Amino acid sequence: EQLKLGVSLPLSGPASLAGTSIREGIEFAVKQANQKGGVFDQDVKVFIEDDEGNPTKGVTAVRKLIEQDHVVGISGTYVSAVAAAESKVAKEYKVPMISAGSTSSAVTDANTAGDPWFFRAFPGSRAQAKQTASDTLKKLNAKTVAVLYENSIYGKSLADEFKSNYEGIGGKVVAMEAYNPGDKDFYSSLTNVRAQSPSAVYIAGLMDSGAQIIKQAGELGVQTQIVGSGSMMSDKLIELAGPASEGFAVSSMFEPSTPNKHGAEFAKEFRAAYKKEPDVYSAIGFDSMGLLIEAARRAGKPDGAAMQKQLLNMPDFPLSQGPDRTTAKFDDKGSVEFKVGLAIVKNGKREWLPFD
Amino acid sequence: MLECKSIDAGYGKVQILYGLDFTVPKGGLSAILGGNGTGKSTALKTLAGLVKPTRGEILLDGKRIDGKGAHAMAAAGLCLVPQGKEVLGGLSVHENITVGAYHRRKDKPGIAEDVEMVYAEFPRLKARYKAPAGLLSGGERQMLSLGRALMARPSMLLLDEPSAALAPKVVGEISDIIRKLRARGLTMLLVEQNVSMALELADEVHILREGRFAYSRKNGPDLKVEELREFYLGKGQS
Amino acid sequence: MRAIFLILVAAATLAIVSTVFGGGYAINIAIVVCIYVILASSLDIVMGWTGLFSFAHAAFLGIGAYTAAILGRDFGTTFWLNLPLGMIVAGLFGFLLGLPLLRAQGHFLAIMTIAFQTIVYLVLSQWTDFTGGQYGIEVEPVAGFTTLSSYFYLVLVIAVICLIAIRFLTQSRLGDALQAIRDDETLARTIGMNTKAVKLVALAISSAFAGGAGVLLAYHIRGVTPDDYTVLASASIVAMVVLGGRGRFWGPVLGAVLLTALPEMLSILTDYKHIFYGGVLILVTMFAPQGLAGKFSRWRAR
Amino acid sequence: MILFQQFLANGVVVGSSYVLVALGLTLIFGILKIVNFAHGEFYMLGGYVAVVGTQVLGIGPLPSIVLVIVVMVMLGWFIERAIFVPIAKKDPTNVIIASFGLSILLQNIVLKIAGPEPMLARSGLPRGAIQIGNIFLTSERLAIVALAAVTVTALLVVLKYTWIGLSLRAMSENATVARICGINVRRVGVVTFAIGAALAGLAGALMATVFTVQPNAGSLIVMKAFVIVVLAGMGSIEGAIIAGLALGIVESLVTGYLGNGLRDIVGFIFVMGVLTIRPQGLFGIQTDRS
Amino acid sequence: MTGEQKNIAPIIRAEALTKNFQGMVALNAFDFSVNEGEIVGLIGPNGSGKSTVVNLLTGVLAPTSGRVLIDGKDFTGAAPHVVARHGVVRTFQMIRLFPSLTVERNIVLALQEQSGPGYMSSFLNRRNAMAWHEKAACKARDMLALFEMEKHAHKLATDLSIGQQRMVELARGLATNPRIFILDEPAAGLSPINVDRLIEMIRRMRDEFGVTILLVEHVMRVVQAVCDRVVVLDYGQKVADGKPDVVVQDPKVIEAYIGLGRSSHA
Ligand SMILES: Nc1ncnc2c1ncn2[C@@H]1O[C@H](COP(=O)(O)OP(=O)(O)OP(=O)(O)O)[C@@H](O)[C@H]1O
Ligand SMILES: Nc1ncnc2c1ncn2[C@@H]1O[C@H](COP(=O)(O)OP(=O)(O)OP(=O)(O)O)[C@@H](O)[C@H]1O
Ligand SMILES: [Mg+2]
Ligand SMILES: [Mg+2]
């Protein structure tokens, strides 16, 4: 019997920036598996749906994948709000879903403990924000922070959790300011930030707005440490923000130069196959799809419920993200915890600080 | 000189005009009379290029002008004063008048002169020169349409019921203006419901009935209104 | 009467095609189709019949959906209460929007509806305490209609009722009045019509139907999130009405079916579906200027 | 006070960018009365052509501007002739839907070709901040203000004092009367549309040097441009300047004092308020008797 | 009923009615009334404010100052539909018809506002509403027949010539059995034979249907043929009021309006 898996990703609309990158990682994982002979002696077949970053479209896409294409597992999706809507359908049909980039902890929190149908192979927003908060205070020595966050589930959950963690360990958040997805002009917000002269600015949002904030902060003479959330781990950001990105710190789960051996190998092969550097998105996609394929193989049959059981029991499966020897040890809510790293831009290149 | 050779025209599939044949000699003035809905305006619109003839030829001073589009007709010196007091509502009265001179826009002094001439003919317009034309009264609009046409210094003028909506005194003044224009050698085609005015002015009278000329003849002392009445009023046209 | 018969035939066909020949995915699409049919037909009341170009219909959809979600969350009310309440609240907002709209004309009016739509969207996405912000609010399925196909029948029946009501409305004196307003409002007033009241009523009714559709949508996707209620969504409802044919009963219905089903059919082309979708919109407007319904009736007339 | 100065300066810059984007729309929407949803995509394409000019072809900023104008005029010409005119002949309101389709089409074609990543056009202007008193700006931002001022003046002069402007306004009022006055309505229409497209492209090119360009770059800003054109009173250039600057400043002050999240809400509430009191826009005049 | 004015009370009355347009005084302290059963002419040079009077009386415009009384009740600033429901019906100088409706529907719609079934009942009782529509359509065609327009009943209003549209407008007004019918230049653009028909219709309306008429007109032949009384406006001011043949001899009126030695319209 052929293994059929589904993918739901935003391939058009504003979120497609990440979606296309994730898709490459996913396709790479499938290609690799099929080169090694596939599963159940057949090639793995993948059905890709564009959810446009819209919940209704996402629900339809997932129904289509399950009902029409008969997939038994789904990798998706990137936008947290869409993932939340889709996960309900997946649960109803007993088809496991593995996040392809959606960070908000709320989605895994909604799982029934011990019986999760939505998995995330990397730490959720809560853990990420906690790590960033402690890194900002301890590693970067910033006692006061202004938070700029995108008004989306992703940005807001990170910002809220950052604030409570950061203040919990003795830091002070001097400002919390939301911006709308896609905003490009931050002069007025940054003018306020400058007036409060915090020792750091934390940005919880996507790469394009992040690059603008960094660049414009430079132009306005805001001289503070800037820290960004995981989506800003991108070479493009450095290119767009220009010299202002020097010293920018970003929380990062994957770098091409990762000390994680499994990740380094993925990076090498990906580079050879696509002639470009992988980024955190391709790594997420790669892990997400890799897990589904492995779960099916272990289950011995293409069956969603069996795969879900296997997923809960894969502490030996290596992930390309995180520090060395990170594995897919899902907790009873379907989330994986590992230490999130911090990278700093030096001479136009990100350098990963050692994990503590 | 304007020559029309067996013109057919209409709107979409509906044919309105059937084989209109006539000429207006240079400097002449012909009148088209007829009941409501017989096709008078359609005839003028066809000549002005707003309605495409489906058959026939239109020649102005020997050159074919049909099928070229209304703006080309205007450039060729043919100018229509449409029925229905159409104005450029959002533009001021002054701009409405000026735009009439569009196809001779290089002639700045001439235009300035003509604007004054129009204001002299229609003092009511001068009083309202700044107002948006859309706010004018019916009669004021009619004056504006005429003023705009005068600005074009046309060689051929098509007038569609110029006296409608005007006060009796102004109707008289319009007659005077038409006479003045004739004296300058302008060729004119006049559609009127004011029969006495038409008969005062025209050299030749055509009566249109259901899209065809029912009667055409030279005007003169021997032309009797009773005779006209028979063709024109005929059997109660609507 | 023939129209009502046709509505029933169409509904039965949809039911058979989606449940017998298709699976859950087809039923899913059929539900969305029904919801959009209500939306497009109700928008046509103000757009086709009255000539008010409204880009705020998705806002009313959202108001209905959020009313149901919030009532359910805070008061535990059920679908059967939320549906009428959602309609009433949306209708009320339609009425309120109507007040400043009364004097505006044409493009000005369209821009005001866009402004309203944007405000509603921003409120839904930013008033986190009340609307749940980007997280939205979860909605429990309708008791007794928890399976997809049973919910589909529920939606189908409601859609049929809405369509018949809209048919009756536009055939009644209100339809005449709306057409008169579209053609010449001043004239309508001088022949004795209270055009302001008629416009307000039309807007309120149209918004109420949209609100009802919103309630159905909320229960369908089992939750509300602001991104379903954007100006883009409004624009696509407008597109449905225009493509199908304005001011004709079957126009918006056809438009809604086509534009909801088309992207699904195009999804085989994954990467190119939007390009095709855009192209189809252009081509259809070029070749069926009176909308598809206009094309059909002309074709039948031959 | 220092904050206020900076907010005001930010508002003027953002407002100028709105004015710049709204100008092309004033021609196409305000005067020709074509509701062109794809105007935002003209803006976006202008940005990409500038990227192609400065980054791919490396021909420098000025030749790139020429390239933008040439490409956009050609595109505008083609679209007006091939799509909008045939549709408008049958029913002008259908153009709304066709342009909606065109917008989706163009956005996704660009997405296919250029990918979703934002791109930056090089202005060639010196980088870094310029400090004027307590105000920080960059040369690129100042260039937006300057270019807005220049284009606005040019357009004002053309529309107010030349025959082109008069013929344009005449045809938008009543095409039949314009035709019998000798105005070639079709030609004026297509030329105006092409110029409008070029203005949008120009704005997009300039903004791509500051804010980068993406396939969906035009969506939001063009919505605001529509708002400005209407707020101004259809076709009023003076109105567009004031409405554009006012919107920019209001947004900047709101962002500064009330927070970024409220920025767009306030703008739109402002619009509803103004139009409720003056249904013909700030500078529109009542031209219909009843 | 003609001469013996059995009811002297004015059906419509203007008191010191004034209208300014952006500083221009279009109508200045105009006092005026029309009695039941009268045919009153309102004439004056172009732009003297006649249509403005009509617009003020019918609620299309609100006066700057002064009052409008209908049957002695104050209707100043009332909405047009309120005025219309009191039987004040008008035509427009710049013809107004519903362009995308057929000629017949144009008239049926006007009838509906006056005597059709209510909104609710037309929604609930469709059979009844349809029967009413049948009858209204018959009446509309009868009205069109009066102007020999019945063959155009199913054309769209925009597809008619200007003169034909004018007659549809007259038929529409008549169909609704107005108490007072205000005609703004009904003869403009009508052929002489239709002008004759108009004259006859105006007389019949008053004599047979008891409609009071206010007639704004430049075609003096019509004014002289039908009016009991003529009011003359100049620059927004009343300059004469009296019997037609007296008024047209008034030197002031000749000077301002008729002009010297001109023949009036055929
Ligand atoms: N809404 C308006 N705004 C501004 N001015 C107006 C408006 N309506 C009318 N006017 C002006 O008021 C004056 C009187 O107009 P009105 O239409 O009453 O004249 P009239 O006597 O009916 O003239 P005509 O015989 O030409 O129809 C005119 O100069 C006109 O331009
Ligand atoms: N746009 C149109 N579409 C279709 N038919 C039209 C159109 N305009 C006029 N007609 C029809 O064409 C015929 C002639 O109209 P036209 O306007 O030429 O008449 P006319 O002689 O000028 O009448 P009038 O004296 O009333 O102005 C009429 O029967 C009319 O119904
Ligand atoms: Mg005519
Ligand atoms: Mg008048």
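The structure presented is a predicted model; accordingly, all values stated were derived computationally and were not measured. The analysis underlying the following values was restricted to heavy atoms, covering all of them including side chains, and did not include hydrogens, waters or symmetry mates. Letters A, B, ... are given to chains in the order of the sequence lines, protein chains preceding strands, and every chain is numbered from 1.
Distance CG/E:Leu109 to CD/C:Gln179: 8.0 Å, rounded to 0.5 Å. We find the OG1-CZ distance between C:Thr190 and E:Arg90 to be 6.5 Å, quoted to the nearest 0.5 Å. Note: C:Leu174 CG to E:Phe123 CZ = 9.5 Å, rounded to the nearest 0.5 Å.
Residue E:Phe21 qualifies as enclosed at atom CZ: its count of foreign heavy atoms under 6.0 Å is above 12. Around the CZ atom of C:Phe93, the shell of radius 6.0 Å holds no more than 12 heavy atoms that belong to other residues, nucleotides or ligands. No more than 12 heavy atoms of other residues, nucleotides or ligands sit less than 6.0 Å from atom NZ of C:Lys196.
Residue contact with chain E, scored on non-hydrogen atoms closer than 4.5 Å, involves the side chain of C:Val198 exclusively. Both the backbone and the side chain of E:Ala110 come within less than 4.5 Å of a heavy atom in chain C. Both the backbone and the side chain of E:Ser100 have a heavy atom closer than 4.5 Å to some heavy atom of chain C.
By the salt bridge (charged side-chain N to carboxylate O under 4.0 Å, His left out) test, E:Asp184 is found to be paired with no residue, residues two or more places apart in sequence or in another chain being considered.
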Please lay out, stage by stage, how E:Glu113 and C:Arg173 fare under the test salt bridge (Lys or Arg N to Asp or Glu O under 4.0 Å). CA-CA 9 Å; E:Glu113 287 308 322; C:Arg173 186 169 164 195; 3.0 Å; yes
Go through the steps for E:Thr176 and C:Ile191 under the test side chain to side chain contact (heavy atoms under 4.5 Å, CB included), then give the verdict. CA-CA 9 Å; E:Thr176 60; C:Ile191 62 171; over 6 Å; no
Would E:Phe92 and C:Leu187 count as a side chain to side chain contact (heavy atoms under 4.5 Å, CB included) if you check the C-alpha gap in whole Å, the side-chain angles of each, and the deciding distance to 0.1 Å? CA-CA 9 Å; E:Phe92 288 87; C:Leu187 175 57; 3.9 Å; yes
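Looking only at side-chain heavy atoms (C-beta outward), C:Asp176 and E:Arg105 come within less than 4.5 Å of each other.
Ranked by heavy-atom pairs under 4.5 Å with chain E, the list C:Ser172, C:Ala188, C:Ala165 is led by C:Ser172.
Of residues 80-89 of chain E, those residues lying under 4.5 Å from chain C by any heavy-atom pair are E:Pro80, E:His81, E:Ala84, E:Arg85.
When all heavy atoms of E:Phe98 and C:Asp183 are compared, the closest pair comes out as C-OD2, 3.2 Å.
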